[in-house]
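Each ligand, and each atom within it, is numbered from 1 in the order the structure gives.
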Amino acid sequence: MSFRFPNEFLWGGATAANQIEGAYNIDGKGLSTSDVQPFGTFGELKTRHQGDFNIKDTAIDFYHRYPEDIALFAEMGFTCFRLSIAWSRIFPKGDELEPNELGLAYYDKIFDELEKHGMVPLVTLSHYEMPLYLAEHYQGWKSRELIVFFERYARVVFNRYGHRVKHWLTFNEINISLHEPFTGAGIPRGSDPQSLYQGMHHQLVASAKAVKACHELVADGKIGNMMLGAIQYALTCHPDDIFAAMQENREWLFFGDVQSRGYYPSYMTRKFKELGVELDINEEDKEALTETIDFISFSYYMTGCVTTHAEMEIVDEKVLKMGSNPYLKSTDWGWQINPKGLRIVLNLLYDRYQKPLFIVENGLGAVDKVNGQGEIEDDYRISYLNDHLYQVGEALQDGVEVMGYTSWGPIDLISASTAQMSKRYGYIYVDRDDNGQGSLMRKRKKSFYWYQDIIQSKGQNLQPPV
Ligand code: BG6
């Protein structure tokens, strides 16, 4: 079967400021939580000392090289580019009343460049980082005061860029804090459920306030949430496993439920009781939550299994502790590859929310080798992306409304979980290694031409998975 994706479907790639920009301490930027995580967002927290090496300090130097990179995206035919604004560039400490003009001016230039190439910006307000000062002096999102700071930041950027940035996301993978609270919320790892859920509640309220601000300040603006869409299957058809899988999936769907319906789902009442969590939710919070998102966005890389009784191996020890699925292969980093699962997630989310969906991350982290002719023949990446995009085509036929697809890391960037450069996702190779050595030169991979063809053919050249 061959598909022709809708004309308005947005095609592109996705990035995050701390994984591409570098320039971590210039033009008035404050330190962010990512700047003190040299081993990756999922690694141990380390105090930053003078002279410490953190590969993200330079990353791929997008801060200075953005015209070249955006031109390469345009050459591939991107109609959309997802980026995040580093909150600490705009409010270096996070609690100031006035923004940093140099930080604001930097993103003006990025948007100028995107406009020049006719690309729609999709902007994440907070992607795995926040001003470090807020984590150190306010206990991160555990503090209610952050709602005010975040809303102020959101209003500043909507006012500044709202005339030309129409697509926004609030918190990247908002459900990550259940696994890595420092990365998502500036709350120490190992914190008790009360602190975690209170912090996440503050983020949900802040997200809703940003949605309201966007609706007020950005004419024709659309704002979505962003969830880590790692669906869990029951390992067996034993009813206990089916129930366990339902409960596991509620761990992430809970966020979408609040953000798209405007109130806490009833199943959380029992959960909070069992965990001994008593949330501080006031009337103003409840009112704020009623401002709901316009679309649902999510990342999709892998799926897992759960069981209450059978033997099961754990495949991704580092991040999500996914149960092994005997029918699937894994990447070199233990992420289980499941293209059909993307069609399942798209259908599930559309059935549940009846809102447009946007796949804002998907891709294969792999080691690439430059061959004797200086080429990078990344057929494994082409096959991964083809098979996933084919399932998007199927989901469109199923009647699911999909706004677009931005694959993760269209240009090689620093891995969030491991801070490796060698875990590459790009269509564009960047000459830099895990120790920071290399010329930073950019090079088109084989997948560059493949994606260009897929975009140009509006998906018609996708091949049925073999
Ligand atoms: C998502 C994050 O979880 O996965 C990105 O939003 C991240 O920031 C991506 O980079 C891939 O993960 P990793 O660890 O391979 O970089």
Does Trp335 approach ligand 1 within less than 4.0 angstrom via side chain, backbone, both or neither, non-hydrogen atoms only? side chain
Gap separating the CG atom of Asp257 from the OH atom of Tyr267, nearest 0.5 angstrom: 3.5 Å
Just by distance, no angles: are the side chains of Gln259 and Ser207 close enough, under 3.5 Å, to form a donor-acceptor pair? yes
Please say whether Ala16 places an N or O atom under 3.5 Å from an N or O atom belonging to ligand 1. no
Positive for salt bridge (Lys or Arg N to Asp or Glu O under 4.0 Å) with Arg424, one of Asp412, Asp378, Asp433, Asp434: Asp412
Should Asn172 be listed as contacting ligand 1, given a heavy-atom distance under 4.0 Å as the test? yes
How does Trp333 reach ligand 1, if at all, at less than 4.0 Å between non-hydrogen atoms: by side chain, backbone, both, or neither? neither
Tyr300 and Glu361: CA distance, side-chain angles, deciding distance, side chain to side chain donor-acceptor pair (under 3.5 Å) verdict: CA-CA 6 Å; Tyr300 179 84; Glu361 284 187 36; over 6 Å; no
Tyr425 heavy atoms, cut-off 4.0 Å: which ligand 1 atoms fall inside? 11 (C), 12 (O), 13 (P), 15 (O)
Under 4.0 Å from a heavy atom of Ser415: which atoms of ligand 1 are those, numbered in the order shown and with their elements? 13 (P), 14 (O), 15 (O), 16 (O)
Provide the number and element of each atom of ligand 1 under 4.0 Å from a heavy atom of Ala416. 7 (C), 8 (O), 10 (O), 13 (P), 14 (O), 16 (O)
Could an N or O of ligand 1 be found under 3.5 Å from any N or O of Thr418, whether backbone or side chain? no
Subset of ligand 1 atoms that lie under 4.0 Å from at least one heavy atom of Tyr128: 2 (C), 3 (O), 8 (O)
Please state whether Met226 comes within less than 4.0 angstrom of ligand 1, counting heavy atoms only. no
Quick one: CH2 on Trp450 to CG on Leu462, what's the gap to the nearest 0.5 Å? 6.0 Å
